[in-house]
Amino acid sequence: MMDKISRNLIYLTGFMGSGKSTLGPILANTLGFSFVDVDKEIIRIVGRPITDIFSDFGEQYFRDIEHTLLREVSTRVQTVIALGGGSVTFERNMTLIRTTGTLIYLRTDEEQLFKRLSRKNDRPLLRTADRSITEADQLRQTIKSLITAREQFYSQADITISTGGKRIGMTVDELVTLLKPYLKL
Ligand code: S3P
């Protein structure tokens, strides 16, 4: 297998709404790398939105496609890969990621995630089930508990960067500097 540093593979993780799909193409462009968004590839391959895939085929089906796709993209070189926010919580994915590339965690505070995600309806794991409390409170609680459960996986990243309160170009510049020891440019 080609050594990790010569591959120049960068994985972006972080909670839903942390900006992986927005920042990823800009980072890739800055480095002259390709960009792949795993969720978008899944939507393209299955031909259905993620909410439909979860509701019609179940989460396990989604996770299996996600893993299969990750196996494929992990063989690429010079590529920035935006992962779905749940990918790193599965050991089979984390093993692939760790052995083939550099993992970046985009850390975003809960209030900011709440603001971004309350305008969206495309995340099956955040859909309201319990009608006894308001949707806003429910969303806040779901975000909080999912982050708490996932922090142990996100914190295994090689590089962690906070995305809140600064322009995206600034985050990209900081990342390019932080990435230097991990890449062969
Ligand atoms: C998920 C995050 C989503 C998508 C799916 C599951 C998760 O991706 O993969 O809805 O488990 O956190 P984003 O992080 O791009 O929203």
Side-chain angles (χ1 to χ4, degrees), residues 9-28 34-74 79-97 101-129 135 138-157 159-164 168 171-172 175:
L9 260 195
I10 299 166
Y11 295 94
L12 294 178
T13 190
F15 203 73
M16 294 168 253
S18 61
K20 303 177 293 284
S21 306
T22 310
L23 188 137
I26 303 171
L27 178 64
S34 309
F35 174 71
V36 188
D37 190 310
V38 175
D39 281 342
K40 292 208 175 112
E41 285 297 300
I42 295 172
I43 294 167
R44 192 180 59 77
I45 290 165
V46 183
R48 308 276 293 275
I50 289 178
T51 42
D52 285 6
I53 302 175
F54 269 66
S55 63
D56 296 356
F57 306 111
E59 178 172 353
Q60 191 54 48
Y61 180 84
F62 173 84
R63 296 300 175 194
D64 287 342
I65 300 176
E66 180 178 51
H67 178 67
T68 305
L69 216 72
L70 203 54
R71 292 197 85 83
E72 191 273 307
V73 297
S74 68
T79 304
V80 175
I81 299 160
L83 300 165
S87 306
V88 297
T89 66
F90 299 92
E91 200 181 332
R92 59 182 180 169
N93 296 338
M94 193 56 126
T95 304
L96 259 182
I97 293 164
T102 303
L103 181 62
I104 297 174
Y105 170 32
L106 303 184
R107 190 204 292 276
T108 313
D109 73 56
E110 285 170 27
E111 199 47 39
Q112 200 152 9
L113 290 174
F114 171 76
K115 277 192 199 134
R116 290 182 195 165
L117 292 165
S118 47
R119 282 183 264 118
K120 305 225 162 172
N121 197 25
D122 57 352
R123 305 310 206 282
L125 293 178
L126 300 178
R127 293 208 155 176
T128 309
E135 296 209 4
Q138 171 103 39
L139 179 61
R140 271 208 172 79
Q141 277 182 26
T142 309
I143 292 172
K144 205 179 189 56
S145 61
L146 265 179
I147 290 180
T148 305
R150 288 176 171 184
E151 192 58 44
Q152 56 175 312
F153 302 102
Y154 292 144
S155 66
Q156 290 176 42
I159 296 170
T160 296
I161 190 157
S162 291
T163 59
I168 209 157
T171 308
V172 170
L175 277 177

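Each ligand, and each atom within it, is numbered from 1 in the order the structure gives. This one's a predicted model, so the numbers in the text were calculated from it and none came from an experiment.
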- Message: Is it the case that the side chain of Tyr11 and the backbone of Ala157 share a donor-acceptor pair, with hydrogens and angles ignored and the cut-off at 3.5 Å?
- Response: no

- Backbone N or O of Asn121 within a donor-acceptor pair of the Arg127 side chain at under 3.5 Å? yes

- Message: Can you classify the ring geometry of Phe62 versus Phe54 as parallel (below 30°), tilted (30 to 60°) or perpendicular (above 60°)?
- Response: tilted

For ligand 1, run through the N/O pairs with the protein that fall under 3.5 Å and put one pair on each line.
unit_1: ligand 1; atom_1: 8 (O); unit_2: Asp39; atom_2: OD2; d: 2.5
unit_1: ligand 1; atom_1: 9 (O); unit_2: Asp39; atom_2: OD1; d: 2.8
unit_1: ligand 1; atom_1: 9 (O); unit_2: Asp39; atom_2: OD2; d: 3.1
unit_1: ligand 1; atom_1: 11 (O); unit_2: Arg63; atom_2: NH2; d: 2.7
unit_1: ligand 1; atom_1: 11 (O); unit_2: Gly86; atom_2: N; d: 3.4
unit_1: ligand 1; atom_1: 11 (O); unit_2: Arg150; atom_2: NH2; d: 2.7
unit_1: ligand 1; atom_1: 12 (O); unit_2: Gly86; atom_2: N; d: 3.2
unit_1: ligand 1; atom_1: 12 (O); unit_2: Arg150; atom_2: NH1; d: 2.6
unit_1: ligand 1; atom_1: 12 (O); unit_2: Arg150; atom_2: NH2; d: 3.3
unit_1: ligand 1; atom_1: 14 (O); unit_2: Lys20; atom_2: NZ; d: 2.7
unit_1: ligand 1; atom_1: 14 (O); unit_2: Gly85; atom_2: N; d: 2.7
unit_1: ligand 1; atom_1: 15 (O); unit_2: Asp39; atom_2: OD2; d: 3.0
unit_1: ligand 1; atom_1: 16 (O); unit_2: Arg123; atom_2: NE; d: 2.4
unit_1: ligand 1; atom_1: 16 (O); unit_2: Arg123; atom_2: NH2; d: 3.1

- Item | Short N-O contact, Arg63 and Glu59, less than 4.0 angstrom | yes

- Query: Salt-bridged, Arg92 to Asp64, with N to O below 4.0 Å?
  - Reply: yes

- Non-hydrogen atoms of Glu66 and Val38 that approach each other most closely: CG-CG1, 4.4 Å

